[in-house]
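Along the sequence shown, the residues carry numbers beginning at 1. Given the structure is predicted, the values throughout are model-derived calculations rather than measurements.
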Amino acid sequence: MQDQLSGFDEILALCPLRSGGFIVTVFGDVAFPADEALWIGHLIDLCADLGISETLVRTSVSRLVAAGQLVGTRHGRRSYYALAPGARAEFERAAQVIYTAPQERPWRFLFFPDGHAPDGLERLGMAALSPQLGFGPARGAVPEGAVAFTAHADGAQADLTAMLARVFPLETLAQEYRAFCELARTVSALPDPSSKAALQARLVLTHAWRKVALRDPRLPANLLPTGHPEPKARAVFARSYLALCAQAESHERSLLALKDAQNTMRDSVIAARRAALQSSLLDST
């Protein structure tokens with residue numbers, strides 16, 4: 001166990017955790033597939049070895065409830081938390097980005113008569129061309145308060161690739177993907193992790209991937225600059241994630257009190273995720 005804790009010291013040096021963001025990852029990766037509530041005691045235990053104190057867990061959960069992402073219930077003396085109904089669509093969109101490879105799509109210009117929030121565009125994988133105009137792959141619903149124009153690109157692909165490199169922060173993202181690959185190598189070096197440690201390692205890995213993937217425009221590989229590490233990093237994430245799943249499964253299930261219908265739903269979502277990750281491996285060969 002001491003070797004595993006030492007290994008997590010190295011992992012956390014490469015991926016420092018903020019309690020609120022990490023708890024969002026836990027709900028997205030563990031609770032969301034079964035639409036299940038988590039006992040806060042399990043959250044506290046899961047976070048303790050990762051340098052997140054009980055006080056930080058309780059504070060972050062309270063803030064997530066206030067932000068409308070979680071809802072709380074009590075059973076006796078125990079407090080349980082689940083995704084708020086209004087947050088499920090957001091978690092579903094995030095899951096599509098995290099576990100599935102980019103697809104070829106037409107392009108979309110978004111016009112915001114009253115202006116847009118730059119961080120809101122980034123979450124959509126889009127770039128700000130002006131205070132009122134966003135650009136990126138046509139993906140998901142049109143945001144409220146925007147008018148969308150969908151287009152197909154004509155002309156030389158090299159010119160389109162050059163344009164995209166100017167519009168999106170691809171070099172910054174490239175550096176983050178290289179750092180992610182270093183983290184994944186460190187996670188893979190954990191010595192024979194226990195079921196709990198395997199789940200913790202998978203969650204840290206998913207959290208690190210989520211932070212960069214949700215800011216990525218998700219361009220098809222053929223439109224990325226030569227040598228851009230996104231396709232390799234995606235394959236590294238898929239391989240590392242899948243390698244931890246079998247060992248993590250028993251501890252993951254111990255956190256959930258599932259009824260038959262929830263088990264069926266969870267198994268279906270997990271199977272789809274793993275198939276998508278396997279597809280990422282095939283696409284990288």
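Using modelled atom types, no side-chain atom of Gln132 and backbone atom of Phe111 make a donor-acceptor pair closer than 3.5 Å. Listed for the Glu230 side chain is no donor-acceptor partner under 3.5 Å among the backbone atoms of Ala221. No donor-acceptor pair under 3.5 Å is formed between the side chain of Arg266 and the backbone N or O of Ala31. Between the Ser195 side chain and the His251 main chain, a donor and an acceptor come within less than 3.5 Å of each other. No side-chain donor-acceptor contact under 3.5 Å links Thr59 to the backbone of Leu56. The closest donor-acceptor contact from the side chain of Ser279 to the backbone of Ala275 lies at 3.5 Å or more, if one exists at all. Within the 3.5 Å criterion, the main-chain N or O of Pro193 finds a donor-acceptor partner in the side chain of Gln247. Looking at His116, its side chain does come within 3.5 Å of a backbone N or O of Ser130 through a donor-acceptor pair. A donor-acceptor pair under 3.5 Å is formed between the side chain of Gln200 and the backbone N or O of Leu46. One N or O on the side chain of His228 and one on the backbone of Leu170 form a donor-acceptor pair closer than 3.5 Å.
A distance of 15.0 Å separates NZ of Lys211 from CG of Asp216, quoted to the nearest 0.5 Å. The distance from the CG atom of Asp49 to the CZ atom of Phe8 is 7.5 Å, given to the nearest 0.5 Å. To the nearest 0.5 angstrom, Arg218 atom CZ is 14.0 Å from Leu223 atom CG. Interatomic distance, CH2 of Trp209 versus CD1 of Ile98, reported as 10.0 Å (0.5 Å rounding). Remark: Gln96 CD to Gln103 CD distance equals 9.5 Å, nearest 0.5 Å. Distance CZ/Phe135 to CZ/Phe149: 14.5 Å, rounded to 0.5 Å.
Residue Asp154 places its CG atom among 12 or fewer non-hydrogen atoms of other residues, nucleotides or ligands, all under 6.0 Å distant. Few gaps surround CZ on Arg105; more than 12 heavy atoms of other groups in view lie less than 6.0 Å from it.
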Open item on the list: Is there a side chain to side chain contact (heavy atoms under 4.5 Å, CB included) between His207 and Val24? Walk through the geometry before answering.
Closed with: CA-CA 9 Å; His207 182 66; Val24 168; over 6 Å; no

Open item on the list: Pair Glu92, Arg88 - check salt bridge (charged side-chain N to carboxylate O under 4.0 Å, His left out), show working.
Closed with: CA-CA 6 Å; Glu92 180 62 45; Arg88 289 193 59 81; 5.9 Å; no

Open item on the list: One pair to check against salt bridge (charged side-chain N to carboxylate O under 4.0 Å, His left out): Asp267 and Arg274. What are the steps and the verdict?
Closed with: CA-CA 10 Å; Asp267 290 347; Arg274 295 181 185 177; over 6 Å; no

Task: side chain to side chain contact (heavy atoms under 4.5 Å, CB included) assessment of Phe112 paired with Leu121 - done: CA-CA 11 Å; Phe112 295 83; Leu121 281 180; 3.9 Å; yes

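Here the side chains of Leu199 and Lys196 are not in contact, with every heavy-atom distance at 4.5 Å or above. Side-chain contact between Ser79 and Trp39: absent, with no pair of heavy atoms (C-beta onward) separated by less than 4.5 Å. Proximity of Gln262 to Leu256: side-chain heavy atoms (C-beta onward) are nowhere separated by under 4.5 Å. Residues Pro137 and Leu219 are in side-chain contact: their nearest non-hydrogen atoms beyond the backbone lie under 4.5 Å apart. The shortest side-chain heavy-atom distance between Leu110 and Val147 does not fall under the 4.5 Å cut-off. Considering only heavy atoms from C-beta on, Leu244 stays 4.5 Å or farther from Leu190 through its side chain.
Results of the side-chain contact (heavy atoms from CB on, under 4.5 Å) test with Val204 over Thr25, Leu14, Leu17 single out Leu17 as the only residue that passes.
Pairing each heavy atom of His152 with each of Pro106, the nearest pair is CE1-CB, 3.7 Å. Nearest heavy atoms, Trp107 versus Ala153: NE1-CB, 3.9 Å. Here the closest non-hydrogen pair linking Asp29 and Arg273 is O-NH1, 3.3 Å. Nearest heavy-atom pair across Ala208 and Cys15 is CB-SG, 3.8 Å. Minimum interatomic distance between Leu64 and Gly20 (heavy atoms only, all atoms of both residues): CD1-O, 4.1 Å. Contact between Ala138 and Thr150 at its shortest, heavy atoms only, is CB-CG2, 4.4 Å.
The pair Glu176-Arg210 does not count as a salt bridge, with every side-chain nitrogen at least 4.0 angstrom from each carboxylate oxygen. Contact check on Arg202 versus Glu252 returns a salt bridge, with a Lys/Arg side-chain nitrogen under 4.0 Å from an Asp/Glu carboxylate oxygen. With respect to Lys259 and Asp35, no salt bridge is recorded, no charged nitrogen being found less than 4.0 Å from a carboxylate O. A salt bridge does not link Glu90 to Arg93: none of the charged nitrogens lies less than 4.0 Å from a carboxylate oxygen. We find that Glu182 and Arg178 are not joined by a salt bridge, their nearest charged nitrogen and carboxylate oxygen being 4.0 Å or further apart.
Taking the six-membered ring where the residue is Trp, Tyr80 and His75 present perpendicular rings, their angle passing 60° and hence far from 30°.
Two rings, from Tyr241 and Tyr99, have their centers less than 6.0 Å apart.
Leu50 and Phe27 fall within a single hydrophobic cluster, where Ile, Leu, Val, Met, Phe, Trp and Tyr side chains are chained together by heavy-atom contacts under 4.5 Å. Tracing side-chain contacts under 4.5 Å through hydrophobic residues (I, L, V, M, F, W, Y), one never reaches Val269 starting from Val97; they form parts of separate clusters. Cluster annotation: Val57 is not connected to Val71 through the hydrophobic network of ILVMFWY side chains, with a link wherever side-chain heavy atoms come within less than 4.5 Å. With hydrophobic clusters built from ILVMFWY side chains whose heavy atoms lie under 4.5 angstrom apart, Leu203 shares a cluster with Ile40. Residues Leu164 and Phe109 share a hydrophobic cluster, clusters being chains of Ile/Leu/Val/Met/Phe/Trp/Tyr side chains in contact below 4.5 Å.
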